[in-house]
There are 2 protein chains.
Amino acid sequence: MSRVITPRKEDYSRWYTDVITQSQMADYSPVKGCMVIRPLGYSVWEAMQRELDARFKETGHQNAYFPLFIPESFLHKEAEHVAGFAPECAVVTHGGGKELEEALIVGPTSETIIYAMYAKWIRSYRDLPVLINQWANVVRWEMRTRLFLRTTEFLWQEGHTAHATEAEAEEEALLILEIYRRFAEEQMAIPVYTGIKTDSEKFAGALRTYSIEALMQDGKALQAGTSHNLGQNFARAFEVQYQTRAGTWEHVWSTSWGVSTRLIGALVMAHGDDNGVSFPPRLAPFQIVIVPIWKSDEERVRISEAARLAAEELKGVPLRLEIGPRDLEKNQFTAVRRLDRRKIPVPRDGLAARAATLLEEIQNDMLEKGRAFLRANTRDVKDYDELKRGLDETGGFFRAHWCGAADCEKQIKDDTKATIRCIPLEGNLQDGRCVRCGSASKQWVYFARSY
Amino acid sequence: MSRVITPRKEDYSRWYTDVITQSQMADYSPVKGCMVIRPLGYSVWEAMQRELDARFKETGHQNAYFPLFIPESFLHKEAEHVAGFAPECAVVTHGGGKELEEALIVGPTSETIIYAMYAKWIRSYRDLPVLINQWANVVRWEMRTRLFLRTTEFLWQEGHTAHATEAEAEEEALLILEIYRRFAEEQMAIPVYTGIKTDSEKFAGALRTYSIEALMQDGKALQAGTSHNLGQNFARAFEVQYQTRAGTWEHVWSTSWGVSTRLIGALVMAHGDDNGVSFPPRLAPFQIVIVPIWKSDEERVRISEAARLAAEELKGVPLRLEIGPRDLEKNQFTAVRRLDRRKIPVPRDGLAARAATLLEEIQNDMLEKGRAFLRANTRDVKDYDELKRGLDETGGFFRAHWCGAADCEKQIKDDTKATIRCIPLEGNLQDGRCVRCGSASKQWVYFARSY
């Protein structure tokens, strides 16, 4: 506890790493690019899993488990997919002491192995929809890694659904997008923008990618979850066909979607401060800590108490209940909110109910704070200089018109390091001029630099 | 549903595979030796996880997550460990398009990577005990695989604990053994023998291995869970030391323990019959199915009902509630137990409570049936011919004296394909003569052929 957390203003990136390692949420491992998720960090993941899993099951999804390994040839069956993922693959060439006839890829995502199975399982319209999710580890070889946000191995859930019609697949992709949006707001207390990705930013092999986009305290966006309408791309590549009611054969329409342990990084970045992590009550490993402050042997107690408080701050406990001599006299506790250090006297009678209410208030206040932050850091920009200056000076999201041309998008990225985070699904249709080239534009989009 | 399950007497091995694939619990994957766990099978695993996870947490353990990959050199740090596991490893030689400087092993078990971290985290007696578990996938290259029982990749939990004293580590290993024993009996309705493994059968790198051993319907034993006292072996290999209260430095004492998706195979083999799987209520994905049997359009209904019943049998639902015209008249349901097809009329008033009681009775009856089977198939044998004949004719467990010599143990294995499944922890001390060599023996042990 003697180590100090680097203040955010001094070095945001070091602050982030300090907070995570000193709270013992995670640690670097001896395996390049791979992290160890320690019990405090893992219990946040468990809380996320519990809630998301319940929401998936409520909407008819079931869990399953598909192999970690993928035959190399499978990856090549969908042309865009292999182009996107091949450079990130870890390759198993030897097993059981022998060189393998065909190398195995350690799955960067499981579409290919899953569609190979769906081709076997799906025969008739009666078999549809197939609504499967899995909780698993995946590997994407990364050069520059960062705890939780970008690691060579990470944990995630990946949903893979197959449908009879294009409309059903689209509905599923949007249903999941909404589950992710609500989870981010209701559980993580992080408001997000939702929308569709441009072609250059979409998932390799998808028809359309939807995402939720959050804003971190340093003004950078973070893609926190994606939901893909895969069209019939994988169905064609793996020959997943079903017989319709009418007796004809058609390829299924499919989706895939996922969130990962990256969400834990988002939670730290969105809510932490110079004292450490600060968890929203609904995902906090410990919601309340009770701290007795005794009268006797005061000096000794003050020191150990300070140490304990420092440790608690590091663990991000949202509500502290102090009980000192004055509280005892008044038959009360003093509640202290981690969020803003506000102190609130709480009578001992009815403590449990009052504490539950306080936790709900904290959860709401954290979300409101996040909303105010997102509002304050989302700006309309009309010309290119304004966009560039905004990105350099304040960061945040920028609503700007875009002509829709891929080369214009690329030029903006090259010039500013900002990308189109998403195109809103509604409310953005408006005549204007592209922020870069000045051509006619029918819509504005969200630009930001991102993690 | 038109496919037929091979009867157990005809071919037990095919029966097992038929039951699993036709119930859609699991399927073969295109990756050699790797299986797909389908939703029905996975929901059994989820039920097992829920219960075991609660028991681990009640006893002070926390979950964490360690990397899948292990640097090859780590495996070599503990001599017995590498000898045991090197032949089973899958090896990653390329990542991100380049050949790696040091190959990575896809973890067959995580002791080495975990002790490398413990060496970093543990400094003082105040840091002990460390009680960590993880739910993960592991890979052990297998030549001959069988759904759930032996697959190249499988899911498991692995606990890894570090303690200040030898006695504490031993206590932990035995605490977990007892958790496993009770889980097998109380949840899986499978009675087991517990005991210690001989040196030739213990975990590579352990001081002592304890196991629970169950008996399958074909008379073969199945090792269903293991708990290892690792002594200071891994602590020495990875230099995991702590400073004692007195200020001296000592190596920690440690344990590891695990159960895997193999337990699902045990469940199928222990309770299934020629109609399919039969789940004990506490782990059943569906506990009750309600089947209306209508009067009208009788022929059509009878057919679709038969199909539905066949499908239910395949899903192993422990209790069926039928409601037909006569039941309606009497204001009752007819309950049918999957276990033995026994029919029990149940009044509609108080149905929920009665159904819960019936499920508890089924759970108990399944355990009692298992106990009777285990008792009936555990025999005392005094001479070698009797042991050989017993193994060939009936299978099961054989209580026999053993002199304690490794070469005698090996000769028995070579002659009979049976191994010492475990040495009981109590009740087996008795003067006798080794079943093979006739030398003096102080104890009897359990012999069986096994999966």
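In what follows, chains are A, B, ... by sequence order, proteins preceding strands, each numbered from 1.
- Residue contact with chain B, scored on non-hydrogen atoms closer than 4.5 Å, is absent for A:Ile114.
- In this structure, A:Met117 and B:Ser29 approach most closely via the heavy-atom pair SD-CA, 4.0 Å.
- Contact annotation for B:Pro87: only backbone heavy atoms (N, CA, C, O) come within less than 4.5 Å of a heavy atom of chain A.
- For the pair B:Pro67 and A:Val36, the tightest heavy-atom approach, listed with the atom from each and the gap, is CD-CG2, 3.8 Å.
- Contact count versus chain A (heavy atoms, under 4.5 Å) is highest, among B:Thr151, B:Val139, B:Ile70, for B:Val139.
- Here B:Trp121 is the residue among B:Trp121, B:Trp135, B:Tyr28 with the most heavy-atom pairs under 4.5 Å with chain A.
- The shortest heavy-atom contact between A:Phe69 and B:Ala90 is CZ-CB, 4.2 Å.
- For chain A, no part of B:Gln134 is nearby; none of its heavy atoms comes within less than 4.5 Å.
- At a 4.5 Å heavy-atom cutoff, B:Leu40 makes no contact with chain A through either its backbone or its side chain.
- For the set B:Pro39, B:Ala26, B:Gly33, the count of heavy-atom pairs under 4.5 angstrom toward chain A peaks at B:Pro39.
- Heavy-atom pairs under 4.5 Å with chain B peak, among A:Arg140, A:Lys57, A:Lys98, A:Glu102, at A:Lys57.
- In terms of heavy-atom pairs under 4.5 angstrom with chain A, the leader among B:Cys89, B:Ala136, B:Gly95 is B:Gly95.
- The residue among B:Glu142, B:Glu88, B:Lys120 with the most heavy atom pairs within less than 4.5 Å of chain A is B:Lys120.
- Two residues are said to be in side-chain contact when any heavy atoms from C-beta on lie closer than 4.5 Å; B:Tyr65 and A:Thr261 fail this criterion.
- Note: A:Arg38 leads A:His94, A:Glu46, A:Arg38 in heavy-atom pairs under 4.5 Å with chain B.
- If you take CG on A:Leu68 and CG on B:Leu155, they are separated by 10.0 Å, rounding to the nearest 0.5 Å.
- Neither the backbone nor the side chain of B:Ile105 comes within less than 4.5 Å of any heavy atom of chain A.
- Neither the backbone nor the side chain of A:Ser43 comes within contact range of chain B; no heavy atom of the residue lies under 4.5 Å from a heavy atom of that chain.
- For chain A, no part of B:Met143 is nearby; none of its heavy atoms comes within less than 4.5 Å.
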*Apply side chain to side chain contact (heavy atoms under 4.5 Å, CB included) to the pair B:Tyr42 and A:Ile132, showing each step before the final yes or no.*
CA-CA 11 Å; B:Tyr42 199 83; A:Ile132 286 183; over 6 Å; no

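- When heavy atoms are compared at a cutoff of 4.5 Å, B:Ile113 approaches chain A solely by way of its side chain, counted from C-beta outward.
- A salt bridge is absent between B:Glu101 and A:Lys32; no separation between the charged side-chain nitrogens and carboxylate oxygens falls under 4.0 Å.
- Heavy atoms only, all atoms of each residue included: A:Phe74 and B:Pro30 are closest at CZ-CB, 3.5 Å.
- Side chains of A:Pro71 and B:Val31 form a contact here, defined as non-hydrogen atoms less than 4.5 Å apart.
- Heavy-atom minimum distance, B:Glu153 versus A:Phe66: OE1-O, 4.5 Å.
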